[in-house]
There are 2 protein chains.
Amino acid sequence: MATIYEVSKLAGVSLATVSRVMNNNANVSDATRKKVTLAMEELGYRPNSIAQSLASNCSNSAGLLVSELKGPFYGPMMSGIENTLRKQGKHVIITAGHSDAEREQQGIEFLISRNCDALILHVEAVSDEYLIKLSKGKTPFVLLNRHIPELADRCIILDNIKGGYLATKYILESGHKNIAYISGPLWKKDAQERLNGHKQALAEHDIEFDENSLYEGDFIEDSGYEGFTALYKKNPAITALVCANDEMATGAMVSAREHGIELPAQLSIIGYDNVFFTRHVYPPLSTINYPIDEMGKVAAQWVLSHVYQKSVQPIQTLFQPELVIRQSVVNIT
Amino acid sequence: MATIYEVSKLAGVSLATVSRVMNNNANVSDATRKKVTLAMEELGYRPNSIAQSLASNCSNSAGLLVSELKGPFYGPMMSGIENTLRKQGKHVIITAGHSDAEREQQGIEFLISRNCDALILHVEAVSDEYLIKLSKGKTPFVLLNRHIPELADRCIILDNIKGGYLATKYILESGHKNIAYISGPLWKKDAQERLNGHKQALAEHDIEFDENSLYEGDFIEDSGYEGFTALYKKNPAITALVCANDEMATGAMVSAREHGIELPAQLSIIGYDNVFFTRHVYPPLSTINYPIDEMGKVAAQWVLSHVYQKSVQPIQTLFQPELVIRQSVVNIT
DNA sequence: CTGTTAGCGCCTTCAG
DNA sequence: CTGAAGGCGCTAACAG
């Protein structure tokens with residue numbers, strides 16, 4: 001790899017001049033600029049961004065931490081972020097936290113140690129205190145899907161309580177009274193909030209929440225399968241199931257079919273997230289829309305304006321969930 | 001951020017010694033080691049991996065280029081790679097090429113300029129020549145899903161011809177004779193190969209391939225929708241459709257239903273890739289398994305052994321596709 | 001076992 | 001408009 005030094009020699013100028021044409025910064029005469037450009041081409045020169053980063057303390061890249069690299073939820077999120085950042089010539093360094101406090105911390109530290117100019121974090125396990133401490137550090141960050149009062153202006157979130165409420169309300173208005181619920185891991189705030197929304201809707205319709213009709217899953221398909229199996233055993237009379245995400249809903253569907261239950265006629269199911277494949281499962285799954293790609297874009301824009309343009313514009317931090325009606329819920333009134 | 005210098009001062013030792021305990025390399029007495037460790041903790045010291053990378057010419061991270069960050073195909077691939085690398089303390093820097101030659105090149109150059117120790121590339125648009133030239137450079141790389149004879153030992157591929165063959169063979173053996181095909185973009189080699197496999201199976205059964213029953217899609221769902229719409233218009237008598245990937249197959253299903261076609265009774269469909277949601281569409285989609293997660297792991301292992309352990313072990317480069325039978329294909333003999 | 005001394009490749013004042 | 005010089009934080013011989 002050619003270095004700036006070789007370029008400068010070939011062009012017959014100083015290091016500083018080469019540096020200047022690279023960052024087409026200061027005034028450089030057209031003549032010398034041309035000389036340098038030619039020399040760079042001749043040598044196939046590529047700037048070493050590591051060295052740039054060390055010297056300038058700016059890496060032109062943002063760090064992104066997601067819980068998983070796979071799964072239908074994170075793909076659109078990463079993609080939305082990468083696209084908007086890339087358009088401005090910024091890069092993204094992605095790493096996974098696996099919903100584990102230690103791995104999330106490691107990931108964050110890795111990104112910081114890589115000189116990321118800013119961080120976009122979808123963290124679940126790490127504590128509020130840790131993040132507040134982190135916010136005192138020099139690397140700015142936004143939080144996706146997590147609300148911390150002290151950091152409210154950089155928390156881009158969905159109103160999960162409302163989402164949970166909307167889902168169950170729709171089920172109730174379709175005449176169901178015998179309703180089971182498969183939640184996410186309840187140590188996760190969003191899982192908790194969705195469940196709270198559910199309870200709220202129930203209360204509004206004077207239906208008492210029954211612990212026996214709750215199964216705590218882990219947002220993964222299999223737990224939906226196991227959840228329905230368990231729930232059905234306890235109470236075969238349920239006519240509707242609300243799931244805290246779409247993947248568990250599809251898992252539940254598999255179990256329901258194995259029990260000889262006809263969908264949606266004998267069992268209504270609703271999911272959450274509106275992940276892309278929900279249109280294609282059978283029956284097409286009604287769900288709650290989570291505009292994660294858009295939220296990712298907002299996060300990216302925050303980075304762009306806040307870090308690179310130094311113009312601190314307020315951003316939309318609260319997004320609204322929406323009911324998406326397809327065919328998995330049946331009216332039994 | 002504390003630097004190595006401050007640590008050395010606090011511990012009362014030299015820079016070199018601090019560096020040594022960090023890389024627990026050379027012999028350091030337990031006493032001084034303890035002093036240094038304490039000093040590091042007290043200062044909350046974190047090594048700056050950018051500086052390490054610049055000085056040691058080793059970044060402990062591999063670059064990964066995929067076509068898209070979203071989509072059911074790349075998720076498992078990224079995840080498989082990240083997991084196996086992470087276990088050895090290596091990190092992954094991911095970027096997207098969007099199946100565009102220029103963006104793929106940019107991505108590769110970014111990864112190289114970031115001092116990645118090795119690259120794992122899923123590139124589609126960039127030329128063979130470019131990659132061959134790249135192979136002369138100092139950053140080693142493996143190729144995923146691309147075969148270049150000159151670089152055969154670092155190409156981890158699936159036998160796509162065979163996969164295409166298996167899919168159509170299964171359709172033919174189910175008694176279908178009036179078969180349409182939705183391909184991927186034919187400038188992509190894998191799309192071409194899958195189609196060739198299709199033709200080969202047809203030939204074996206003495207069925208002539210008809211250009212009119214081919215629609216060139218782009219591996220994205222919508223093109224499956226449009227593809228079937230166009231194909232059906234030309235020939236409403238088709239009884240089977242083979243698609244070059246699962247996403248187009250699900251798109252085709254939507255169109256078929258809109259035409260009042262009952263699935264699978266009136267139209268058999270087979271996909272390709274065995275992406276995770278194929279089990280959940282209706283009818284559950286028969287397809288060809290593409291062990292992409294495993295192939296990703298092999299790529300990661302290549303990096304681990306080849307670059308970090310300097311033990312050049314040969315790896316499995318050719319993987320076999322397998323027919324996955326579900327319920328979207330019906331026997332009409 | 002430990003300290004000294006050069007760099008890694010680039011940016012950034014500061015003079016000129 | 002251009003060059004010289006110092007430094008970003010760390011590693012890696014080489015001495016001692």
Side-chain angles (χ1 to χ4, degrees), chain A residues 1-37 39-40 43-61 109-117 137-139, chain B residues 1-37 39-40 43-61 109-117 137-139:
Chain A
M1 272 290 101
T3 75
I4 203 179
Y5 175 69
E6 305 173 38
V7 175
S8 76
K9 267 205 326 200
L10 207 170
V13 298
S14 75
L15 297 180
T17 305
V18 178
S19 176
R20 284 190 190 102
V21 342
M22 282 181 49
N23 307 301
N24 50 352
N25 254 0
N27 308 322
V28 182
S29 75
D30 278 1
T32 55
R33 164 158 317 207
K34 199 151 292 171
K35 274 195 298 186
V36 173
T37 314
M40 295 202 301
L43 293 170
Y45 171 76
R46 305 271 157 230
N48 178 327
S49 64
I50 288 288
Q52 287 181 315
S53 169
L54 185 62
S56 70
N57 204 23
C58 167
S59 62
N60 282 309
S61 56
E109 282 170 11
F110 168 71
L111 294 172
I112 291 179
S113 80
R114 283 255 130 197
N115 255 14
C116 286
D117 300 325
K138 80 173 223 303
T139 308
Chain B
M1 271 291 102
T3 73
I4 202 178
Y5 175 70
E6 305 173 38
V7 175
S8 75
K9 267 203 327 201
L10 208 171
V13 298
S14 75
L15 296 180
T17 305
V18 178
S19 176
R20 283 188 190 104
V21 343
M22 283 179 49
N23 307 301
N24 50 353
N25 255 2
N27 308 323
V28 183
S29 76
D30 278 1
T32 54
R33 165 159 316 209
K34 198 151 292 171
K35 275 194 298 187
V36 174
T37 313
M40 296 202 303
L43 294 170
Y45 171 75
R46 304 270 160 233
N48 177 326
S49 63
I50 288 288
Q52 287 180 315
S53 170
L54 184 61
S56 69
N57 203 23
C58 167
S59 62
N60 282 311
S61 57
E109 280 170 12
F110 169 72
L111 294 172
I112 291 178
S113 81
R114 284 254 126 197
N115 254 16
C116 286
D117 300 326
K138 81 173 223 302
T139 309

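Each of B/A51 and B/S14 lies near DNA chain C, and the nucleotide nearest B/S14 is the one positioned closer to the 5' end.
In this view, B/L15 and B/I4, B/Y5, B/S8 satisfy the side chain to side chain contact (heavy atoms under 4.5 Å, CB included) rule, not counting sequence neighbours. B/E109 pairs by the salt bridge (Lys or Arg N to Asp or Glu O under 4.0 Å) definition with A/R46, not counting sequence neighbours. Remark: A/Y45 pairs with no residue by the ring pair (Phe, Tyr, Trp, His ring centres under 6.0 Å) rule, at least two apart or across chains. For A/S56, the side chain to side chain contact (heavy atoms under 4.5 Å, CB included) criterion is met by A/C58, not counting sequence neighbours.
Atom CG in B/L15 sits roughly 12 Å away from atom P in D/dG9 (whole-Å rounding). Rounded to an integer number of Å, the gap from CE of A/M40 to C1' of C/dC10 is 14 Å. The CD1 atom of A/I50 sits 15 Å away from the C1' atom of C/dC11 (whole-angstrom rounding). Atom pair B/R114:CZ and C/dC10:P shows a separation of 13 Å (rounding to whole Å applied). If you take CG of B/L54 and C1' of D/dC8, they are 9 Å apart, rounded to a whole angstrom. Between B/M22 atom CE and D/dC10 atom P the separation is 6 Å, expressed in whole Å. Distance A/R20 CZ to C/dC11 P: 11 Å, rounded to the nearest Å. One can place CG of A/N115 at 18 Å from P of C/dG9, the figure rounded to the nearest angstrom.
Comparing the local axis fitted to the first five base pairs of the helix from C/dC1-D/dG16 to C/dG16-D/dC1 with the one fitted to its last five gives a bend of 40°, rounded to 10°.
Residue A/N48 places none of its side-chain N or O atoms closer than 4.0 Å to OP1 or OP2 of C/dC8. Note on A/Q52: every side-chain N or O is 4.0 Å or more away from OP1 and OP2 of C/dC10. Here A/T17 reaches the OP1 or OP2 of D/dG3: one of its side-chain N or O atoms lies under 4.0 Å away. The side chain of B/N57 contributes no N or O atom lying less than 4.0 Å from OP1 or OP2 of D/dT11. Considering only side-chain N and O atoms, A/S29 lies under 4.0 angstrom from the phosphate OP1 or OP2 of D/dT2.
A side-chain contact (heavy atoms from CB on, under 4.5 Å) with B/V18 holds for exactly one of B/T32, B/V13, B/N23; it is B/V13.
The side chain of B/S19 lies closest to D/dT11 when the candidates are C/dT2, D/dT11, C/dC10.
Residue contacts shown for A/T32 are limited to sugar-phosphate atoms, with no base heavy atom under 4.0 Å away.
Summarising the geometry, atom CG belonging to A/N115 is positioned 7.5 Å from atom OG belonging to B/S49; distances are rounded to the nearest 0.5 Å.
Between A/V21 and A/M40, some side-chain heavy-atom pair lies under the 4.5 Å cut-off.
Residues from residues 3-13 of chain A that place a heavy atom under 4.0 Å from any atom of DNA chain C, listed by number: A/T3, A/I4.
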